[in-house]
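Report on the structure given below.
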Amino acid sequence: MLDPKLLRESPELVRAAIAKKHLTIDLDAVTAIDSSWRAQLTEVEGLRSKQKAANNEMAALKKGSPEFMAKVQEMKAVSAEVKAKEEGFKALEEQWHAAMLSLPNLPHASVPDGRTPEENRVHATHGDPTATSTCAQPHWEIAGFERLVDFPRGAKVTGAGFPFLIGDGAKLSRSLLQFFLDEDVKAGYTEVSPPIFVNAASATATGQLPDKEGQMYETTPDRLYAVPTAEVPLTNFYRDEILDEAVLPVCRCAYTPCFRREAGSYGKDVRGLNRVHQFDKVELLKWVHPSSSYEELEKLRADAERLLQKLELPYRVLLMCGGDLGFAQSKKYDLEVWAAGQKRWLEVSSCSNFESFQARRAQIRFRNPESGKPELVHTLNGSGLAVPRVFAALLENNLQADGRVKLPAALVPYFGKEYLSFQ
RNA sequence: GGAGAGAUGGCCGAGUGGUCGAAGGCACACCUUUGCUAAAGGUGCAGACCCCAAAAGGGUCUCGAGGGUUCGAAUCCCUCUCUCUCCGCCA
């Protein structure tokens with residue numbers, strides 16, 4: 001959510017943001033709702049003020065006296081008027097709120113123009129995609145793959161996109177998680193194990209509700225949502241709280257399984273492990289002072305990149321253009337790992353600065369020691385990292401002629417052996 | 001799952017229909033005074049929103065959440081959420 005004052009004082013900034021993100025929003029309509037909301041608010045508050053003044057007078061009068069009874073009669077009319085006005089005002093206020101939520105966050109000046117994913121800027125490329133294994137093939141075609149990752153039985157037991165991981169498959173997944181968490185903790189993040197179901201208030205604060213309701217699994221009868229990412233419970237940890245300035249930045253990491261319905265996905269995107277309904281991910285999250293959020297974004301990105309470097313996987317860093325940035329983000333980098341078998345890049349992390357956009361919605365603030373006033377923190381997050389696509393890239397890039405997969409040295413202590421076998 | 005008790009400001013806690021955004025205490029900040037590592041006194045100290053060009057100032061809302069009764073609700077009624085105690089069940 002944007003600061004409503006920004007809309008009033010600098011509507012041209014909001015207009016420019018909408019244009020840069022290539023969204024279609026009737027800003028004039030939003031402005032109109034805002035002014036009538038304010039006009040009605042003033043009116044309703046005036047009436048209430050009248051009521052209050054009368055109350056104080058009546059408190060001094062003798063109960064049941066003629067003056068008192070006259071006042072009661074007089075105020076009955078005012079009371080009815082307030083009730084009538086408030087009804088309309090409440091409806092308008094809901095509209096106002098919805099209109100405010102429809103405005104996107106402002107993109108940072110460094111965000112390149114562009115409409116489509118093709119116009120994202122390649123910020124950096126690490127490693128040589130062409131140097132990877134000559135016998136690379138898409139992971140789902142590797143002989144014996146189904147012995148490690150069983151889709152058909154997952155479909156029988158749960159549904160499409162809920163594979164079983166077995167043997168070395170399960171172990172590789174677990175090794176990656178352990179490796180990620182250890183590295184993240186070394187980088188200064190405090191590990192958290194959060195609830196993996198959240199209530200509607202939390203899902204609303206981080207923006208999954210109301211727009212992306214169809215992307216989450218919802219439980220009956222308690223109306224809890226399976227988390228689509230640890231970002232949701234992690235960010236909501238401090239919802240409605242005022243932090244000490246001295247504790248900033250707060251850096252945390254968390255492993256959770258992530259659940260996504262992925263309604264509307266199709267084709268090559270969903271082959272094998274590229275897109276599944278349940279996957280494991282370690283998320284990095286920071287609550288920072290507004291003055292340092294872009295510095296912190298670079299650090300966050302470097303922290304996520306280091307994981308890929310230690311795994312010796314070729315990857316590239318994309319700086320997302322305005323049109324592909326996302327509604328709530330001010331600036332976003334995607335990390336994409338090279339999958340030699342599919343000969344394509346797979347997104348394994350998305351590192352974003354939300355500035356105060358999420359914090360306003362979630363009311364996460366810190367107290368400015370100079371003014372004594374609460375101010376909104378900036379929030380950032382990024383994956384560090386998502387397991388299945390890293391899993392896929394390791395299989396595809398490191399497949400040997402003998403049909404085994406050689407694991408990177410950094411992972412060997414976690415996996416316990418140098419080679420993964422499909423037997 | 002059953003029975004009962006409760007939810008008030010950073011914390012503790014008073015307040016059962018009116019002048020209560022809320023006594024008192026603690027904590028915190030500043031000031032004064034006295035002075036052997038502290039005491040006493042004073043002042044301030046919740047958040048959000050609106051009006052105002054801004055400052056000053058003014059107004060409204062918030063006593064777990066939502067709704068209701070009433071001229072008027074922290075206080076009465078209803079629903080929900082959470083916490084605690086006891087019983088039951090169970091990793």
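Naming convention: chains lettered A, B, ... in sequence-line order (proteins, then strands); numbering from 1 in each chain.
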Using atom P in both nucleotides, what's the gap between B/C84 and B/U8 to the nearest angstrom?
14 Å
Write down the distance separating the C1' atoms in B/C45 and B/C31, rounded off to the nearest Å.
15 Å
Rounded to whole Å, the CZ-P distance (A/Arg48 to B/G21) equals 14 Å
If you draw the axis of the six-membered ring of A/Phe237, does the NZ or CZ of A/Arg252 fall within 45° of it and under 6.0 Å from the ring centre?
yes
Measure CE/A/Met100 against P/B/A48 and give the value in whole Å, please.
17 Å
Measure from the side-chain heavy atoms of A/Trp37 and tell me the nearest of B/G18, B/A48, B/C49.
B/C49
Atom CE of A/Met1 and atom C1' of B/C49 are separated, to the nearest Å, by 11 Å
Full working for side-chain contact (heavy atoms from CB on, under 4.5 Å) between A/Arg261 and A/Tyr217
CA-CA 7 Å; A/Arg261 295 188 63 231; A/Tyr217 290 96; 3.6 Å; yes
Any side-chain N or O of A/Ser79 less than 4.0 Å from the OP1 or OP2 oxygen of B/G72?
yes
Nearest heavy atom decides the nucleotide; on that basis, is A/Lys76 or A/Arg367 closer to the 5' end of RNA chain B?
A/Arg367
Any strand is fair game: report the nucleotide pairing with B/G44 by Watson-Crick or G-U wobble, both distances under 3.5 Å, or none.
B/C28
What's the closest nucleotide to the side chain of A/Arg365 if the choices are B/G47, B/G18, B/C49?
B/G47
Counting only Watson-Crick pairs (N1-N3 plus N6-O4 or O6-N4) and G-U wobbles (N1-O2, O6-N3), all under 3.5 Å, who is the partner of B/A91?
none
Using the C1' atom on both, measure B/C71 against B/A55 and round to a whole Å.
38 Å
Hey, does A/Lys90 reach any base, or is it just sugar-phosphate, or nothing, if we go heavy atoms under 4.0 Å?
sugar-phosphate
Would you kindly give the CZ-to-C1' distance between A/Phe89 and B/C61, to the nearest whole Å?
10 Å
Nearest-angstrom distance, P atom, B/A46 to B/A39:
25 Å
Expressed in whole Å, how much space separates the C1' atoms belonging to B/A14 and B/C26?
15 Å
What distance, rounded to whole Å, do you find between the two C1' atoms, one in B/A23 and one in B/U75?
16 Å
NA contact type, A/Pro4, heavy-atom cut-off 4.0 Å: base, sugar-phosphate, or nothing?
nothing
Donor-acceptor pair under 3.5 Å: do we get one between A/Glu45's side chain and the base of B/G59?
yes
When you compare B/U16 with B/G88, how far apart are their P atoms, in angstrom units rounded to a whole number?
38 Å
Which nucleotide in B/U60, B/G72, B/C51 has an atom nearest any side-chain atom of A/Ser49
B/U60
Would you indicate which nucleotide in B/C71, B/G47, B/U19 comes nearest to any side-chain atom of A/Phe68?
B/C71
Can you tell me the distance, in whole Å, between the CD1 atom of A/Ile364 and the P atom of B/G47?
18 Å
Ion pair A/Glu81/A/Lys85, N-O distance below 4.0 Å
yes
Given side chains that start at C-beta, do those of A/Tyr333 and A/Glu298 come closer than 4.5 Å, heavy atoms only?
yes
Picking from B/U19, B/C50, B/C61, the nucleotide nearest the side-chain atoms of A/Arg8 would be B/C50
Any base atoms under 4.0 Å from A/Asn55, or only sugar-phosphate, or nothing? Heavy atoms, all strands.
base
Between A/Tyr294 and A/Glu355, does any side-chain donor sit less than 3.5 Å from a side-chain acceptor?
yes
Rounded to whole Å, the CG-P distance (A/Asn56 to B/C71) equals 18 Å
Taking for each residue the nucleotide of RNA chain B with the nearest heavy atom, is it A/Lys50 or A/Ala60 whose nucleotide lies nearer the 5' end?
A/Ala60
Determine whether the side chains of A/Tyr315 and A/Glu336 contain a donor N or O and an acceptor N or O closer than 3.5 Å.
no
Counting only Watson-Crick or G-U wobble pairs whose two distances fall under 3.5 Å, which nucleotide matches B/U79?
B/A65
Donor-acceptor pair under 3.5 Å, A/Lys52 side chain vs B/G72 base:
no
Just compare B/U70, B/C51, B/G18 and give me whichever is closest to any side-chain atom of A/Lys83.
B/U70
Minimum-distance nucleotide (side-chain atoms of A/Pro374 versus B/C71, B/G47, B/U70)
B/G47
Quick one about A/Thr31 and A/Asp28 (side-chain donor to acceptor, distance below 3.5 Å, no hydrogens or angles considered), yes or no?
no
Using the P atom as the reference point in each nucleotide, state the distance between B/A74 and B/U60 in Å, no decimals.
14 Å
